[in-house]
*Asks:* 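The following block contains the structure, expressed as structure tokens.
In what follows, chains carry the letters A, B, and so on, assigned in the order in which the sequence lines appear, proteins first and then strands, with residues in each chain numbered from 1.
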Number of protein chains: 2
Amino acid sequence: MTDPADPTEPKTRTRDAGATKARILEAAKREFAKNGLAGARVDVIAEKAKANKRMIYHYFGSKEVLFQTTLENAYIDIRTAEQKLNLGHLEPAAALERLVRFTWEYYLKNPEFITLVNSENLHRAKHVKKSDVLQTYSRRFVAMVNEILVRGVETGVFRPGVDPVQLNITIAAIGYYYLTNRFTGSILFEKDMMAKQALDERLRFNIETILRLVAA
Amino acid sequence: MTDPADPTEPKTRTRDAGATKARILEAAKREFAKNGLAGARVDVIAEKAKANKRMIYHYFGSKEVLFQTTLENAYIDIRTAEQKLNLGHLEPAAALERLVRFTWEYYLKNPEFITLVNSENLHRAKHVKKSDVLQTYSRRFVAMVNEILVRGVETGVFRPGVDPVQLNITIAAIGYYYLTNRFTGSILFEKDMMAKQALDERLRFNIETILRLVAA
DNA sequence: CGATTTCTGCACCATCTGGTTACTTTTCTG
DNA sequence: CAGAAAAGTAACCAGATGGTGCAGAAATCG
């Protein structure tokens, strides 16, 4: 018998599958990013999501599938944001600078992304392999960068022969490495790599690196 | 208490504490690199090392300390190799190229290093924090690169104002990122990133990137 | 209303895992 | 050679962890 004399009456959101699922995914993103696939605890995810562990298995079936879904969402999120940059309307050098800046800021605002990707590579990309949408997104992204390069060569500001995939990798690398290794880096190099000044300086350095790399 | 017979005689010990310890560390390096700190199994390490699990706890006390020792060894190994490069005797541009090449090849030959560092950063460098020798090694390394930069500026081949720490980070980054993300990269970019040609191409690209970055 | 389906959560389990106790075997020293 | 010390082993344990069974509540539908 439930008590009928409940004064607060928490009638709000009694049953919302979509919201629960979203909360689980958000909690999973954080927990997986914080502790890796093996280190993450399903119970912790359930608790953080204010959901029951049973729901995780109801919606996703296993810890593994939950990880895969989380990862897929993370990739789709950054690729979607990249597409919205509208670099085609910018002058080539400005477009490239904007991309470097965006990549850096995205990593800064979404630190989980980097850690999730690291985890996935620890597992030899076994989850990404199962997803086929991601390739499409990547292909579009490479094409976007290639278009900038072509325009730059045409207008004579860029040198010819720069491979767009290599450039993409390098743009990601110089931001990604700095941030993923910020903990060991701060100790070994004896400086706070996350201080505002250090971050600004690194971004400037990265823009310089990329522009010099493609310069005619 | 001194042995009257020759002290360096080969004792043909079937029991060899040093060798066992070394085997454990080698096995630990592989297991931690393959599965991360949380994913690694102490039993597996014992088995791979052809030692008993009890020995691990006898020599190291805990999984955590074993990881820390493994990591410390890995760092000391690469820093020692770097010091042996003798870059001071080379012309500045050649010295830098050699360093880029060395870094790349070290990562390629010692894939465990990258994964161990990733694991350590997942744990916010809590183990590196406890080691104080590593800072000394790093300091010496930065000084080495700085010396190259200074010489290059003096002879007019490098531009002034390049920060040696940023340069170090960048040299590491462009190799590290490519290799640590080779699994997801191979799928998303739809090309075998570990094919010989792809590796050669990446090394060339990296050398170009660094030389252009510092060029006058 | 009442039957059916979808969602929620408590309690529980089988297994795994880091760590330990107790013991045997080999080596070294006096 | 004795016997202490070091090196090695097997069996075991307590707690944690991914995963479930089942009962019941909330929505949906006839």
Side-chain angles (χ1 to χ4, degrees), chain A residues 1-6 8-25 27-28 31-32 34-70 119 123 126-127, chain B residues 1-28 31-32 34-70 119 123 126-127:
Chain A
M1 292 288 259
T2 14
D3 192 356
D6 187 10
T8 48
E9 191 122 29
K11 203 55 163 78
T12 53
R13 244 212 240 302
T14 43
R15 215 175 139 100
D16 189 336
T20 303
K21 218 168 158 179
R23 281 204 317 279
I24 290 172
L25 277 171
E31 174 71 2
F32 282 132
K34 194 174 171 189
N35 299 308
L37 175 49
R41 298 291 160 242
V42 178
D43 294 80
V44 173
I45 295 174
E47 194 186 355
K48 275 188 188 170
K50 276 178 260 176
N52 192 280
K53 186 165 63 158
R54 196 65 192 80
M55 294 317 306
I56 293 176
Y57 287 93
H58 179 247
Y59 287 128
F60 299 97
S62 73
K63 187 187 186 185
E64 198 100 4
V65 172
L66 177 59
F67 179 79
Q68 191 183 322
T69 310
T70 304
S119 281
H123 293 277
K126 67 179 277 197
H127 309 96
Chain B
M1 292 288 188
T2 353
D3 198 339
D6 64 324
T8 54
E9 103 182 27
K11 287 157 190 169
T12 65
R13 306 156 85 174
T14 53
R15 316 188 124 201
D16 188 333
T20 302
K21 217 169 159 180
R23 282 204 317 281
I24 290 173
L25 277 171
E26 179 63 28
E31 175 70 2
F32 282 132
K34 195 175 170 189
N35 299 309
L37 175 48
R41 297 291 159 241
V42 178
D43 293 81
V44 173
I45 294 174
E47 193 186 356
K48 275 189 188 169
K50 277 179 260 177
N52 190 281
K53 184 166 64 159
R54 193 64 193 80
M55 294 278 76
I56 292 176
Y57 287 93
H58 179 246
Y59 288 127
F60 300 97
S62 72
K63 187 187 185 184
E64 199 102 2
V65 172
L66 177 59
F67 179 78
Q68 191 183 322
T69 311
T70 304
S119 283
H123 294 276
K126 68 179 275 199
H127 309 96

*Asks:* Are side-chain heavy atoms of B:Arg23 and B:Thr20 found at a separation under 4.5 Å?
*Replies:* yes
*Asks:* Side chain of B:Lys48, backbone of B:Asp43: donor and acceptor closer than 3.5 Å?
*Replies:* no
*Asks:* For B:Met55 and D:dG8, what is the distance between atoms CE and C1' respectively, to the nearest whole Å?
*Replies:* 5 Å
*Asks:* Mind checking whether B:Asn35 and B:Val44 have side chains closer than 4.5 Å, heavy atoms only?
*Replies:* no
*Asks:* Using a cut-off of 4.0 Å between protein heavy atoms and nucleotide atoms, how would you tag nucleotides 15-21 of chain C 5' to 3' with B, S and -?
*Replies:* --SBBBB
*Asks:* Are the side chain of B:Lys21 and the backbone of B:Phe60 linked by a donor-acceptor contact shorter than 3.5 Å?
*Replies:* no
*Asks:* Under a 3.5 Å cutoff on both atom distances, Watson-Crick or G-U, what's the dot-bracket for DNA chain C ([ ] crossing, | other strand)?
*Replies:* ||||||||||||||||||||||||||||||
*Asks:* Of all residues at least two apart in sequence or in a different chain, which pass the side-chain hydrogen bond (donor to acceptor under 3.5 Å, both in side chains) check with A:Lys126?
*Replies:* A:Glu64
*Asks:* Find out whether B:Lys53 and B:Ile45 are in side-chain contact, i.e. whether some heavy atom of one side chain is under 4.5 Å from a heavy atom of the other.
*Replies:* no
*Asks:* Classify the nucleic acid contact of B:Tyr59 as base, sugar-phosphate or nothing, counting any heavy atom under 4.0 Å across all strands shown.
*Replies:* sugar-phosphate
*Asks:* Is B:Glu31 close to B:Phe67 at the side-chain level, that is, under 4.5 Å between some pair of heavy atoms?
*Replies:* no
*Asks:* When the distance from CD1 of A:Ile24 to C1' of C:dC7 is rounded to whole Å, what number comes out?
*Replies:* 11 Å
*Asks:* Is there side-chain contact between B:Tyr59 and B:Leu66, with at least one heavy-atom pair below 4.5 Å?
*Replies:* no
*Asks:* Can you find a side chain N or O atom of B:Thr20 that sits less than 4.0 Å from OP1 or OP2 on D:dG8?
*Replies:* yes
